[in-house]
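Have a look at the structure below, then the notes.
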Amino acid sequence: MAPSIVFSSNRVFLKLLCFFLVLFFPGFCSSLLHPFVANSVYEHRNHTAISAFRVLNRRVLTECPDPNPYLQVNVSKSSDLSDEEFVTVTVSGVLLPAEIADFISVSSCPLSEAFYLQTGDTSSLPLLCHYPVKAQFMSKDPDYLSCKKQECKKYNNGECVVTTCSGSITFHVINIRTDIEFVFFAAGFETPCILSRSKPINFANANKPLYGHISSTDSTGTSMRLTWVSGDKEPQKVQYGDGKSETSQVSTFSQDDMCIGWSDRIQFQTPPAGGSDELKFLAFGDMGKAPRDASVEHYIQPGSLSVIKAMASEVEDGNVDSIFHIGDISYATGFLVEWDFLPQPYKPPGCSGSVYVTPDSGGECGIPYETYFQMPTAAKDKPWYSIEQASVHFTVISTEHDWSQNSEQYDWMKKDMASVDRSKTPWLIFTGHRPMYSSTGSGIDKNFLDAVEPLLLDNKVDLVLFGHVHNYERTCSVYQSKCLAMPTKDEGIDTYDHSNYSAPVQAVIGMAGFSLDKFPDTADSWSLSRISKFGYLSGHATKEEMKLEFVNSDTSKVEDSFRITRKQNRYLK
């Protein structure tokens, strides 16, 4: 499905057209933000990392005055780009190199100014438009500002009277199923204008199925769901290793068509069925993405690459049966091309009914998330479900949907946890996004705590995992902000004995990519471990115990370790 952005209930489809890479010089053009847009900047500042680059799509786009006839933009490869490739962009014929000079990428404009009203933008067309992808300063090339690579462009009586400079920048590009173009800009992020551009460059197979994503459908351990991105609204096929094939179902929010083509072969395994003994899993939240080149982008989560690399290493070593992402997945905030970049590094893995009114989604309303990452839920916009793998029952809720008493989700989670057969799956893990406990105080909703925490105690939940806060924190056996039990040391590891159950252990694991949150100097007694480093949670569950470790993704070292145990003959009903 070729992605396009969907705004509010009208679902305006904006076709992603280009990857523009832009150079800026200060002082050429001028334009002002409309007051509506300025208000939008203020509104989003604490939610979507507003910056001059972030609001480029709200600038009027013009040609620069007094064009330089010597300027050229050339790319190291002129056609048939692969699905993932590094290309070198060379800008030559520059008369006066400037330090404040960037390459950026954008896409095409909607044809109607009215479409912008849904984003709060009332600027006149043409605009630089949706959506900037990435940028680099030309000064990344150390020879650019010094003009080490000089070229004479004009002679007078045998003497050079005009010399120009050049520079080269490397970009990581991926197949976004359309031609890309590199454009040299001037006048800075505030007032961009076009100087020169390259010829359009095509991908070798723009219609190829891309970014296969595997997820569980149930607890049997016999089936998996495969989703992928393509440009064809008609059903496609999955071909298995034994030659058998199956026709796909289409879920789309685009109107574009593509020809059928086969993706690269991928391998997967189903997780162990519910009731079997051993499960090895990873869990994390708040990952996002970061560029694999030196570009700036509209929103970067600096730790995401190291976490992905570390987890991929565990997968390749055969140490992982399943992976759980517990929220804040892309930080696309309306920049739809981010949904293409997001799954690309995983190659080896906001909502319309939200109870929290924030501008976090950038107008997406959860549509791309629900389409790209389908979960075993009963229906769209009801993203709560349970799944059993080996000895663990996972109850997964949405903190963004109504969880108040007697709501549909509340009744569901109450019924789900009460129905768990603890002789089959002795461990019960409860997951959501916004935490009940955090020393930072961020995202804490006392109403959520009051409504849902009693269900955890009543159903003897063993472990609670949340994200949203960008660090790692582990509690005692906590209920109503009090420690009902403390772990004991067993071979140096904190061990919670749930043979005599007291309360759940809670952990915040939102340290997988977003800029880290610092802890206050003091903490409540329920907080036992606090680490502000990038990483992920690694779990190993048998029917006798669960061992959990916080793994630092930069060093691969375990920085916190704890166990939850229960005697085998003390299964809970």
Side-chain angles (χ1 to χ4, degrees), residues 45-49 282-288 290 299-307 310-311 324-328 331 356 358 360 399 430-446 448-449 453 456 463-487 489 492-496 503-539 548-564:
R45 186 171 303 278
N46 293 327
H47 298 273
T48 54
L282 306 181
F284 59 91
D286 304 80
M287 174 175 277
Y299 215 0
I300 293 175
Q301 290 70 55
S304 56
L305 289 181
S306 69
V307 175
M311 292 196 304
F324 292 86
H325 192 310
I326 59 172
D328 277 8
Y331 298 98
Y356 300 103
T358 74
D360 282 19
T399 57
F430 182 92
T431 76
H433 183 61
R434 297 174 188 259
M436 291 182 175
Y437 294 93
S438 170
S439 293
T440 68
S442 177
I444 303 300
D445 186 339
K446 188 177 184 301
F448 175 58
L449 188 73
E453 190 180 29
L456 307 182
L463 177 64
V464 181
L465 300 177
F466 289 119
H468 190 69
V469 180
H470 307 132
N471 53 36
Y472 171 84
E473 186 167 20
R474 171 171 59 88
T475 72
C476 60
S477 297
V478 64
Y479 182 69
Q480 294 183 344
S481 300
K482 296 179 180 179
C483 290
L484 301 191
M486 295 292 288
K489 292 290 185 182
I493 298 176
D494 278 4
T495 301
Y496 301 79
V505 181
Q506 300 214 16
V508 171
I509 54 171
M511 64 291 162
F514 201 100
S515 297
L516 294 166
D517 292 331
K518 295 181 179 180
F519 288 101
D521 294 334
T522 59
D524 292 313
S525 59
W526 47 257
S527 178
L528 302 187
S529 178
R530 297 174 299 280
I531 302 172
S532 186
K533 297 179 182 179
F534 293 118
Y536 55 93
L537 187 72
S538 176
L548 293 308
E549 297 177 334
F550 168 68
V551 181
N552 182 322
S553 60
D554 292 321
T555 64
S556 296
K557 292 183 178 179
V558 174
E559 301 217 5
D560 185 53
S561 182
F562 64 100
R563 293 192 304 169
I564 303 175

Subject >> Stepwise side chain to side chain contact (heavy atoms under 4.5 Å, CB included) check, Phe430 with Leu465 >> reply: CA-CA 6 Å; Phe430 182 92; Leu465 300 177; over 6 Å; no

Original post:
Taking all non-hydrogen atoms of both residues, which atom of Trp526 and which atom of Ser439 are closest, and how far apart?
Top reply: CH2-N, 3.7 Å

Original post:
Is there a side chain to side chain contact (heavy atoms under 4.5 Å, CB included) between Val464 and Val505 once you walk through the steps?
Top reply: CA-CA 6 Å; Val464 181; Val505 181; over 6 Å; no

Original post:
Who passes ring pair (Phe, Tyr, Trp, His ring centres under 6.0 Å) against Phe324, sequence neighbours left out?
Top reply: Phe394

Original post:
Should the ring pair Phe284 and His325 be called parallel, tilted or perpendicular, given that the plane angle runs from 0 to 90° and is split at 30 and 60?
Top reply: perpendicular

**OP:** Supply the atom-to-atom distance Leu548 CG to Phe562 CZ, rounded to the nearest 0.5 angstrom.
**Re:** 3.5 Å

**OP:** Please report the C-alpha distance between His433 and Phe466 in whole Å, then the side-chain angles of each, then the deciding distance to 0.1 Å, and finally whether the ring pair (Phe, Tyr, Trp, His ring centres under 6.0 Å) criterion is met.
**Re:** CA-CA 5 Å; His433 183 61; Phe466 289 119; 8.9 Å; no

Subject >> Electrostatic pair Asp445-Arg434, nearest N-O below 4.0 angstrom >> reply: no

Original post:
What heavy-atom pair brings Ser481 and Tyr437 nearest, and what distance separates the two atoms?
Top reply: N-OH, 2.9 Å

Subject >> Side-chain H-bond candidate by donor/acceptor type, Ser529 with Glu473, under 3.5 Å >> reply: no

Subject >> Rounded distance (nearest 0.5 Å) linking atom CG of Asp286 with atom CD1 of Ile326 >> reply: 7.5 Å

Original post:
Measuring from Ile509:CD1 to Leu282:CG, what's the distance to the nearest 0.5 Å?
Top reply: 10.0 Å

**OP:** Check ring pair (Phe, Tyr, Trp, His ring centres under 6.0 Å) between Tyr479 and all other residues, then give those that pass, not counting sequence neighbours.
**Re:** none

**OP:** Give the intermediate values and the outcome of side chain to side chain contact (heavy atoms under 4.5 Å, CB included) for residues Val307 and Met511.
**Re:** CA-CA 9 Å; Val307 175; Met511 64 291 162; over 6 Å; no

Original post:
Just how far is it from atom CD of Gln506 to atom CG of Leu528, taken to the nearest 0.5 Å?
Top reply: 12.0 Å

**OP:** Nearest 0.5 Å please: distance from the NE2 atom of His470 over to the OG atom of Ser438.
**Re:** 10.5 Å

Subject >> Value rounded to 0.5 Å, distance of CD1 in Ile493 from OG in Ser561 >> reply: 4.0 Å

Subject >> Basic-acidic side-chain contact under 4.0 Å: Asp554, Lys533 >> reply: no

Subject >> Steps toward side chain to side chain contact (heavy atoms under 4.5 Å, CB included) verdict (Asp560, Ile531) >> reply: CA-CA 8 Å; Asp560 185 53; Ile531 302 172; 3.9 Å; yes

**OP:** Considering non-hydrogen atoms only, spot the tightest contact between Ala503 and Leu484 and give its length.
**Re:** CB-CD1, 3.9 Å

